[in-house]
Amino acid sequence: MSAPPPPAPPGRRLTWPWFVALVVLYLAIIQGLGRLIGVDRGGGGFPTTEAVVRDGVIPIGLSVLFGVGVVTWLGWWGSVLNYRVPVRRWVRVIPVSMLVVAVLAVNYGNLADQPPSLVLSLFAMTLLVGVGEELMFRGVGVQVFKRAGLSEGGVALWSSVVFGLVHVSNAFGEGAQALLQALVVSTSGYFFYLCLRVGGTLLLPMLVHGLWDFSLVSHSVGADPGASAAVILPIVLQVALIVLVVAGRHSIEPAGGSAPASRRPPSTPSTPSSADG
C-alpha cells in the first residue's frame, strides 16, 4: 500500500505569475509614492529628516501594510513566519557574520553629527525595509515557489532572482550600475534565505536585513556625509560569503534530505494562470 499524499498546505493558493504581479504592485507603491511625495535629494542620500520620512518611511511603511494584507488574505501567517527546514550547522556563520559586520560597519561618526530625529527616522526606515522585503520575498515568495513543488535549491534560486530583479528598477536613476546591483542583491537575497533556514523564523532575516541596510545607509545620511573606512566591511564579507557558499554548496542540506516529508509540497505545481480564493 502506497503512503497517502502529504496534506495540502493551509491557506489560499497563489501561483507564481500572480506573485510577480503582486511584486510589481508592491514596487509601484514604493517607487510611485516616493516620486509623488518625495523631496529633491540632489546627488542622492538622505540629507534631512524630511527626506527620510517622505522618500522612505512613508512609502516603505505602506508597502509593509500591503505585504501584511497579502499574507492575511492568503491565510499564510503560520507558514510565512515559521519555516522549519533545517540546514547544516556551519550555515549559522552567515547570519552571525552579517550581524557582526552590520554593527561594525555603521558610520557612528557621521551619525553623531546628525540630529536625533534624522538618525531615528533612518533606523525606522531601514527596519521597515527589512520587514517589508523579507515579508514579500522570503515570506510570500518562498511559500509560492515551495508550494509549486520546487526543491529547496529552486526555492532559494527563484526567490533570490525575483528579489534581485526588483532592484533593476533603480536603473531609472542609476543606469547600467543597477544591473550589477541586482546581481549583488540577488546574492544577498540568498544569504537572507539561509538566515531564514537557520532561524526557522522570518524574524531573523528581517533583523539581519534591517541592520545590514542601516549600516550601509549610515554612510550617506546628512547634508555633508562622509564614508568611513568601515564601509568596506560589508563588501569584503559579501565576497567571502559567496566563496564560502559556493565551496559548501553540496553540504548545506542536512544528511538524509532537506525538509521532512510532511513539510514537502505536492509534486504537481499549481496552475500558472490564476489565484484561487
Side-chain angles (χ1 to χ4, degrees), residues 5-34 36-37 56-85 124-150 152 154-167 169 189 192-193 195-197 199-210 259 262-277:
R12 298 174 185 264
R13 186 175 58 177
L14 182 71
T15 56
W16 68 264
W18 280 103
F19 168 62
V20 172
L22 288 175
V23 169
V24 171
L25 184 55
Y26 166 86
L27 186 62
I29 293 173
I30 298 176
Q31 300 254 347
L33 190 57
L36 184 64
I37 68 172
V57 174
I58 293 176
I60 296 171
L62 289 177
S63 74
V64 171
L65 293 178
F66 173 75
V68 169
V70 168
V71 177
T72 300
W73 177 77
L74 290 170
W76 287 6
W77 278 112
S79 301
V80 163
L81 290 179
N82 301 288
Y83 196 70
R84 309 297 185 187
V85 184
M125 182 190 73
T126 54
L127 181 62
L128 287 170
V129 170
V131 172
E133 293 193 348
E134 294 309 305
L135 189 61
M136 182 59 63
F137 298 100
R138 257 62 62 185
V140 177
V142 162
Q143 285 298 314
V144 165
F145 294 117
K146 180 79 168 179
R147 293 171 187 233
L150 273 65
E152 284 302 322
V155 170
L157 172 65
W158 290 110
S159 61
S160 301
V161 166
V162 174
F163 179 62
L165 289 176
V166 162
H167 292 76
S169 62
F192 294 140
Y193 163 81
C195 291
L196 174 66
R197 294 279 300 274
T201 173
L202 192 64
L203 299 179
L204 180 58
M206 284 179 174
L207 175 64
V208 175
H209 192 157
S262 61
R263 296 286 296 180
R264 291 174 186 160
S267 57
T268 303
S270 304
T271 305
S273 60
S274 64
D276 297 342

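The first residue of the sequence shown is numbered 1, and numbering continues consecutively from there.
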Which pair of heavy atoms, one from Ser160 and one from Ala156, lies closest together, and at what distance? OG-O, 2.7 Å
Rounded to the nearest 0.5 Å, what separation is found between the NE2 atom of His167 and the CG atom of Leu27? 9.0 Å
Set of residues satisfying side chain to side chain donor-acceptor pair (under 3.5 Å) with respect to Tyr26, sequence neighbours excluded: none
Where Pro205 and Glu134 come nearest, the two heavy atoms and their spacing: CB-OE1, 3.3 Å
Which residues pass the salt bridge (Lys or Arg N to Asp or Glu O under 4.0 Å) test with Glu133, not counting sequence neighbours? none
Is there side-chain contact between Leu204 and Leu196, with heavy atoms separated by less than 4.5 Å? no
Only residue of Phe145, Trp158, Phe163 satisfying ring pair (Phe, Tyr, Trp, His ring centres under 6.0 Å) with Phe137 is Phe163
So, taking the atom named CE in Met206 and the one named CG in Leu81, what distance separates them when rounded to the nearest 0.5 Å? 6.5 Å
Let me see the working for Trp16 and Val162 under side chain to side chain contact (heavy atoms under 4.5 Å, CB included), right down to the final yes or no. CA-CA 11 Å; Trp16 68 264; Val162 174; over 6 Å; no
Return the CD1 to CD1 distance between Ile30 and Ile58, rounded to the nearest 0.5 Å. 13.5 Å
Identify, with sequence neighbours excluded, every residue that meets side-chain contact (heavy atoms from CB on, under 4.5 Å) alongside Val71. Trp76, Trp77, Val80, Leu135, Val140
Are the side chains of Leu150 and Leu157 in contact, using a 4.5 Å heavy-atom criterion? no
Distance in Å, Leu74 CG paired with Leu14 CG, rounded so as to fall on 0.5 Å steps: 5.5 Å
How long is the gap from NZ on Lys146 to OH on Tyr83, to the nearest 0.5 Å? 4.0 Å
Under a 4.5 Å cut-off applied to non-hydrogen side-chain atoms, are Pro17 and Val20 in contact? no
Closest approach of Ser159 and Val142, non-hydrogen atoms and distance? OG-CG2, 4.1 Å
State, with a plain yes or no, whether a side-chain heavy atom of Val208 is found less than 4.5 Å away from one of Phe192. yes
At what distance, to the nearest 0.5 angstrom, does CD of Glu152 lie from CZ of Arg197? 4.5 Å
Looking only at non-hydrogen atoms, find the nearest pair between Gln143 and Ser79 and report the distance. NE2-O, 3.3 Å
